[in-house]
Structures are given as structure tokens and as C-alpha cells.
Amino acid sequence: MRWSQTFVPTLKETPSEAEIASHKLLLRAGLIRKLTGGLYTFLPMGLRSLQKISQIIREEMDRAGGLEVLMPALQPPEIWKESGRYETASDVLFKAKDRSQREWVLGPTHEEVVTSLAASEISSYRQLPKNFYQIQTKFRDEIRPRFGLMRAREFIMKDAYSFDVSDEAAQTSYQSMFDAYVRIFDRCGLKALPVEADTGVIGGKFSHEFMVPAEVGENDVVYVETGDYAANVEKATSGLKSPLADQEAVEVSALSAVEKFATPGVKTIDALAKAPFNVPANHQIKTLVYVVEDKPVIFLLLGNDQLNEAKIAGVLGSTQFRPAEPAEINDWLGAYPGSLGAVGVDDIPVYADDFLKGGYDLTTGANENKFHIRNVSVERDIKVKAFADFRTVQAGEPCPITGKPLMVQSAIEVGHVFKLGSKYSEAMNASFLDETGKSNPCIMGCYGIGVTRTLQAIIEQCHDDHGIKWPVSVAPYAVCITPLGNKPESEVMKVAESLYSQLTEAGVDVMLDDRDERPGVKFKDSELVGFPIRVGIGDRSLANGEIEIKPRGGELSKVKVDDAVKHVLDWIKSQ
RNA sequence: CGGGGCGUAGCGUAGUCUGGCUAGCGCGCCUGAAUGGGGUUCAGGAGGUCGGGAGUUCGAAUCUCCCCGCCCCGACCA
């Protein structure tokens with residue numbers, strides 16, 4: 001491609017809408033332009049990279065046995081009602097009406113469509129396994145689109161759905177997708193870490209997210225340096241023992257009676273930990289009130305622990321919950337946050353973190369404003385419906401596998417593999433007859449990659465102060481030929497044209513900067529757009545029969561004109 | 001949805017508090033010249049519903065109200 005013939009609107013200054021490096025560079029390098037919040041046009045350079053990523057995904061999906069299809073983005077609400085997600089996913093569903101007032105939804109994902117396909121087309125175990133995938137535009141009514149392509153209203157996703165005859169077979173499908181994902185991100189030049197992910201209300205062990213460590217990530221990943229453990233913080237556990245485990249075993253009957261004491265002005269764990277009370281946070285009980293499916297529920301944790309909502313969802317089997325409002329809490333418990341406790345509560349279900357099990361000599365709110373109570377024994381004084389792991393792991397705690405300190409790092413989720421089981425196949429009657437003629441629901445898995453988000457994650461991971469540093473595999477063009485001057489009859493331009501056609505014939509994607517711009521402009525632009533290798537041709541070096549080769553971010557070297565093509569090809573091959 | 005910030009030419013911005021002549025500057029763009037190895041220089045030029053509406057006023061980018069849009073934080077830790 002000739003620079004003068006394509007469209008690469010680079011910007012010297014950053015539009016004020018961009019906050020993070022990758023978003024700024026997407027705009028400055030002329031890859032995308034915003035139509036409105038969360039909606040972007042891909043310009044030639046951005047689209048080329050996107051297509052290269054898509055192609056890598058296709059090749060690896062095909063290699064793993066995936067079958068490419070294309071499903072409708074516009075979908076009838078009926079299938080969403082059938083799966084039950086018309087209600088549960090309604091927050092993200094874009095809805096529209098046609099001329100006869102019939103309702104439609106824009107697909108945020110395609111489990112319903114693909115399951116309905118399987119329901120009508122799959123009838124025998126002989127047809128299984130199958131793995132259908134597509135690269136499609138998804139629509140989600142995001143609460144807050146942000147960071148350019150990172151969280152958009154409309155975005156491109158690769159989604160795959162596997163159908164198997166059994167759990168064991170589904171695990172094989174799952175593993176095959178997992179392996180494909182490792183190869184895909186590797187080929188994209190992206191360091192993406194597979195981590196154990198929360199399985200939400202479906203449960204089970206089979207869910208991994210592929211995370212790109214980045215300051216601007218929206219997820220926190222807990223991992224150990226040895227690589228033996230990595231999990232989303234929503235899912236992560238640690239090897240830490242409860243501080244209360246050190247308490248001597250004492251008969252409940254031997255414990256002191258609970259005692260109420262005044263705590264004017266004390267509304268936080270921290271305040272109670274300070275003088276004059278000096279109750280260590282890990283000997284306080286934190287009382288959190290939630291509204292779960294319109295009913296109050298209490299969660300108890302040690303004072304220095306933080307509640308993990310994803311774990312709530314797992315234990316309760318529901319995502320329909322929210323923190324209670326202070327007014328609601330006052331109605332139910334007779335006190336406001338800051339003085340809450342579960343002692344004596346028997347009409348509201350109380351769930352307690354495992355760390356509280358058997359604890360005594362604890363302090364908690366009295367359910368009377370400005371009062372707390374001490375000498376609380378969990379076993380004696382609190383009616384706990386169930387104990388479970390509700391706490392959020394913190395950096396520095398021991399790894400559950402190696403015992404080494406855990407690290408916490410924010411990361412961008414670029415991929416997710418998930419064993420679905422039979423949730424959708426049962427709801428939508430996607431079943432098959434086995435060898436014995438018995439009908440069984442298909443065991444499903446789903447596997448997503450945010451294609452547009454991956455593009456941005458690559459830029460977030462591969463850039464410097466000058467611009468993008470594309471991995472060759474996903475660069476819009478691998479090579480940028482930069483003649484200094486653009487007179488067609490000049491020796492410089494003749495050499496440039498010759499290299500351009502030779503490299504193009506060799507199958508390399510080449511950009512020829514044939515613009516009538518000064519050298520500085522061309523250099524700056526080629527670095528901003530981020531071509532992996534630049535071939536500089538000017539009078540000076542040409543006088544010695546040489547041209548200049550400069551890998552992006554690497555050292556400049558001079559080579560003979562006749563060796564130039566070989567050098568470039570070798571360099572690309574070495575990547 | 002809650003909180004905060006912003007909205008002036010394609011981009012970045014000054015001016016707004018304290019109302020007042022023709023809304024200023026840089027980049028980019030157009031014309032011409034010089035220059036030609038790191039966003040070069042000089043001269044000339046085009047480009048503005050000051051987000052929209054209503055109001056206050058002799059007079060509004062500036063003050064008031066409403067609306068729209070964009071960005072950030074939050075929507076768990078009592």
C-alpha cells in the first residue's frame with residue numbers, strides 16, 4: 001500500500017476523550033474514530049490489524065475442530081424467554097421494535113441462537129461432538145462504556161459453543177479450546193495469563209479467563225510467581241488460616257456472657273480498633289446486610305476481611321442481590337450501619353465466613369445505634385444458617401498450593417472458556433439419543449474472545465513513548481519503506497519502488513511512504529503507527545550503495561541495496 | 001442510576017470567577033516561497049450556531065434554569 005493512497009489520519013495531539021495509553025494511540029495512530037460513546041469506526045490501519053487477529057483466531061479454531069458459522073445479531077425475544085435470560089440479562093439487552101410493534105433484541109451473545117440450532121438439528125450421538133464458532137458483532141447496553149474499544153456498546157467477539165455427549169467428552173472439548181486460546185494469544189504476540197475464573201451460579205471447576213496484565217485492567221488477578229496458581233480475585237482462595245484458629249478450644253459454657261458497651265461516634269471497624277476500645281479488627285465481626293431476591297440476608301466476616309460478591313452468588317445460586325439501603329437496614333435490625341450485628345437475629349438468614357467458625361471473645365454491633373457488644377461467641381450467640389468462603393483474598397497471603405506469597409495484579413480479560421453443562425440445552429430442549437435410544441441433553445461449553453478488546457490489549461502491552469510497537473503477526477503492515485524524498489525519477493524513489501515490489505511479491509505486507517513529507521514527519525508517523533520494521537532510503541546511505549533497516553524499538557543497521565530484501569525477510573522470519 | 005469534571009474551528013486550548021469593541025493562541029488545512037536525515041521556516045489565507053433551548057440584561061462564551069453529549073469515579077467493605 002502507498003501511504004498517499006490510503007487513509008492514516010495521525011494526530012500530534014491526543015484528543016481529550018482518551019485517558020489510557022492504548023486508547024490515545026488508537027486515535028493518534030489513526031486506527032479508529034469515535035462515532036459516539038462506545039461506538040467506533042475502524043479506519044484502514046485498525047481494520048487490517050483486526051483482520052489479522054481474526055485470521056489467527058480462525059486458523060486456530062479450525063485447527064481445533066471448530067466449525068465457522070454466522071448467526072443473526074438481531075434475535076427474537078422468545079428464545080431469550082425460553083432460556084430464562086430475558087429477565088436475568090435484561091440489563092445488557094438492547095431492544096428494538098419493528099413497524100408492527102413486534103419486539104426484537106440485539107444479541108449480546110449467542111447461546112440461545114446456537115442452542116436453538118442444536119435443538120433442531122442435533123438428534124443423535126453420532127452427530128457429536130460439534131463446535132460451532134463465529135466472529136460477530138455483539139451489542140451490550142453497558143452501564144458505562146469506557147476506554148475506547150475496551151468496553152464498548154458494540155464490539156466484535158469470537159464465540160464458540162461445543163456440544164458433547166457427556167461430561168468427559170465436554171472436558172476434552174474444553175481442554176482443546178483452552179489449548180487453542182494459548183496458541184491464539186501467543187501468535188498475537190500477547191502475554192495472556194490463563195487464570196481460574198468464577199463460574200457464577202452454574203458452578204463447577206471448568207472456567208478459565210485469559211488475562212492480560214495491565215494497570216488499566218478491570219479485573220484483579222491473584223497469582224503466585226512460580227506459576228502454580230492463578231485465579232480471578234472473584235474466585236481466588238488462599239492458604240491463610242483464620243486468625244481465630246489460634247484460639248484455645250474452650251467449652252461454650254465457660255465463656256463470659258455478652259456485654260453491651262457504649263461506642264458513641266464509632267461507625268467503622270477502624271474506629272473500634274483504635275483507642276479507647278482497641279479491639280483488633282480481626283476480633284471484630286463485620287455485619288453486612290444484602291437484599292437477595294427482595295429478602296434481607298446477613299453476611300458476617302472478620303473485621304479486616306472484605307466480602308466477595310462473586311462468592312455470594314456461588315453460594316446462594318443467585319445473582320439477584322444488592323447491598324441493602326441504610327433505611328431498609330434500620331427497619332429490619334433497628335440500627336444503622338456502624339452498629340450492626342447478628343447476635344439475637346433469628347428472622348433473617350445469617351451466612352458467616354469460614355474464618356468465623358468457632359470464634360469467641362469477638363466484638364460486634366449491638367443493633368442499637370452507638371452500642372456494640374463484646375464476648376460474642378459465634379457458636380453460642382449467633383444463629384448461622386451456613387458457613388462458607390465469602391472473603392476476598394489479599395496480596396501477601398500464602399498461595400493455597402505453594403504457600404508462597406500471593407500477588408494481586410489488575411488485568412484485561414481478553415478470553416474466557418467455560419463449561420456450561422446442560423443449562424441451556426435443558427432449557428431449550430437440545431438433546432440427542434444415545435446408543436441405547438435414551439434422550440440426553442447436550443453437554444455444552446462456551447468460549448469467547450473479545451477481538452476488538454484484544455486489539456486494544458495488544459497496544460496497551462506493546463507501545464512506548466513514540467507510539468505502537470506491533471508484533472509482526474498483527475501489524476497492519478509488517479514493513480514501512482521510508483524514502484526520504486518522493487520524486488519518481490530520483491534514485492531514492494527508484495530503489496524504494498524496487499524494494500516495495502520485491503517485498504510485496506515475497507508475500508510481505510508493505511507500506512510505502514510516498515508522501516511529500518519531510519523525513520522527520522515520516523519517521524514520527526511510522527513510529528506512531530508502529531510498523532515493526534522500517535526501511536529507510538536516503539541519498540546519504542545510497543551513496544554507499546546502502547539502505548537502512550530499523551526494527552521498531554531496535555537498532556538501526558545499514559545493508560547493501562541488493563541484500564535489503566533478504567535482510568527484511570530474515571528479520572521477519574526471526575520474529 | 002449516584003457523584004465529580006468538561007463542552008469555544010478538524011485536534012489541543014485561552015477567555016467564564018468579575019457580562020462590554022471584530023472571541024485569542026498553537027497544531028492541522030489551503031496558496032506561495034525557501035528548505036530537505038527526526039513533527040523545518042517565512043509570508044498570505046480559509047475555517048466558529050462559543051453543545052442546544054429558555055430566561056435575566058441596554059448588552060451573554062461569561063449570570064440563571066432546563067435539556068443534550070462526552071470523560072472520570074462509584075454503584076461491596078457499615
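Chain A is the first sequence line, chain B the second, and so forth, proteins listed ahead of strands; every chain is numbered from 1.
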Is there any protein nitrogen or oxygen under 3.5 Å from a nitrogen or oxygen in nucleotides 76-78 of chain B, and what are the pairs?
from    : atom 1 : to      : atom 2 : distance (Å)
rC76(B) : O2'    : Y290(A) : OH     : 3.4
rC76(B) : O2     : L307(A) : O      : 3.1
rC76(B) : N3     : L307(A) : O      : 3.4
rC77(B) : O2'    : K286(A) : NZ     : 2.5
rC77(B) : O2     : Q306(A) : NE2    : 3.1
rC77(B) : N3     : Q306(A) : NE2    : 3.2
rA78(B) : O3'    : K267(A) : O      : 2.8
rA78(B) : O2'    : K267(A) : O      : 3.3
rA78(B) : O2'    : G338(A) : N      : 2.3
rA78(B) : N6     : V289(A) : N      : 3.1
rA78(B) : N6     : V289(A) : O      : 3.0

All N/O pairs under 3.5 Å across the protein-nucleotides 44-48 of chain B interface:
none

If you restrict it to nitrogen or oxygen atoms, what contacts under 3.5 Å exist between nucleotides 8-10 of chain B and the protein, and what is each distance?
none

What's touching nucleotides 33-35 of chain B from the protein side, N or O pairs under 3.5 Å?
from    : atom 1 : to      : atom 2 : distance (Å)
rU35(B) : O2     : R518(A) : NH1    : 2.3

Polar pairs (N or O, both sides) under 3.5 Å between protein and nucleotides 4-7 of chain B?
none

Sort me out a list of protein N/O and nucleotides 28-30 of chain B N/O pairs below 3.5 Å, or just none if empty.
from    : atom 1 : to     : atom 2 : distance (Å)
rG28(B) : OP1    : K12(A) : NZ     : 3.2

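When the P atom is used for both rU22(B) and rU31(B), the distance is 32 Å, rounded to whole Å. Across the P atoms, rG32(B) and rC73(B) are found 48 Å apart, a figure rounded to whole Å. When the C1' atom is compared between rU62(B) and rG51(B), the two are found 15 Å apart, to the nearest whole Å. Taking atom P on both rG19(B) and rU64(B), the two are 12 Å apart, rounded to the nearest angstrom. Taking the P atoms as reference points, rU18(B) lies 9 Å from rC63(B), given to the whole Å. With both ends at atom C1', the span from rU13(B) to rC30(B) equals 23 Å, rounded to whole Å.
Heavy atoms of N486(A) sit nowhere under 4.0 angstrom from any nucleic acid atom. Across all strands shown, I312(A) has no heavy atoms under 4.0 Å from either base or sugar-phosphate atoms. Among the atoms of the strands shown, none is found under 4.0 Å from any heavy atom of F390(A). Here K34(A) lies in heavy-atom contact (under 4.0 Å) with sugar-phosphate atoms only.
The base of rG38(B) does not come close enough to the side chain of D525(A) for any donor and acceptor atom to sit less than 3.5 Å apart.
The minimum heavy-atom distance between N232(A) and V195(A), with the atom names listed, is N-CG2, 3.7 Å.
Counting only heavy atoms from C-beta on, Y40(A) has its side chain closest to rC71(B) among rC71(B), rG39(B), rU13(B). Closest approach to the R144(A) side chain among rC1(B), rG39(B), rC73(B) is made by rC73(B) (side chain taken as heavy atoms from C-beta onward).
In this structure, the side chain to side chain contact (heavy atoms under 4.5 Å, CB included) partners of R534(A), at least two apart in sequence or on a different chain, are T482(A), F523(A), S526(A), E527(A), K550(A). Taking the side chain to side chain contact (heavy atoms under 4.5 Å, CB included) definition, one finds that T268(A) meets it with D270(A), A271(A), sequence neighbours left out.
Stem analysis of RNA chain B (Watson-Crick or G-U pairs, both distances under 3.5 Å, runs of at least three) returns B:1-7 with B:68-74, B:10-13 with B:24-27, B:29-34 with B:40-45, B:51-55 with B:63-67.
Identified under the ring-ring contact (aromatic ring centres under 6.0 Å, His included) test for residues 338-361 of chain A, with sequence neighbours left out: F299(A)-Y351(A).
If you take CD of E491(A) and C1' of rG37(B), they are 18 Å apart, rounded to a whole angstrom. Put simply, CD on E17(A) is 9 Å from P on rC11(B), counting in whole angstrom units. The separation between D513(A) atom CG and rG39(B) atom P is 15 Å, rounded to whole Å. Atoms NZ (K558(A)) and C1' (rG37(B)) sit 10 Å apart, rounded to a whole Å.
Within residues 533-545 of chain A, the residues having any heavy atom closer than 4.0 Å to RNA chain B are, in order of number, R534(A), G538(A), D539(A), R540(A), S541(A).
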Sequence neighbours left out, cut at 3.5 Å: what donor-acceptor pairs do the side chains of residues 555-568 of chain A make with other protein atoms?
from    : atom 1 : to      : atom 2 : distance (Å)
K560(A) : NZ     : N544(A) : O      : 3.1
K566(A) : NZ     : D570(A) : OD2    : 2.8
H567(A) : ND1    : D563(A) : O      : 3.2

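Contact annotation: R146(A) does not reach the phosphate of rC71(B) (side-chain N/O to OP1 or OP2, under 4.0 Å).
Between the side chains of S339(A) and H372(A), not a single donor N or O lies within less than 3.5 Å of an accepting N or O.
Remark: E19(A) CD to R146(A) CZ distance equals 11.5 Å, nearest 0.5 Å.
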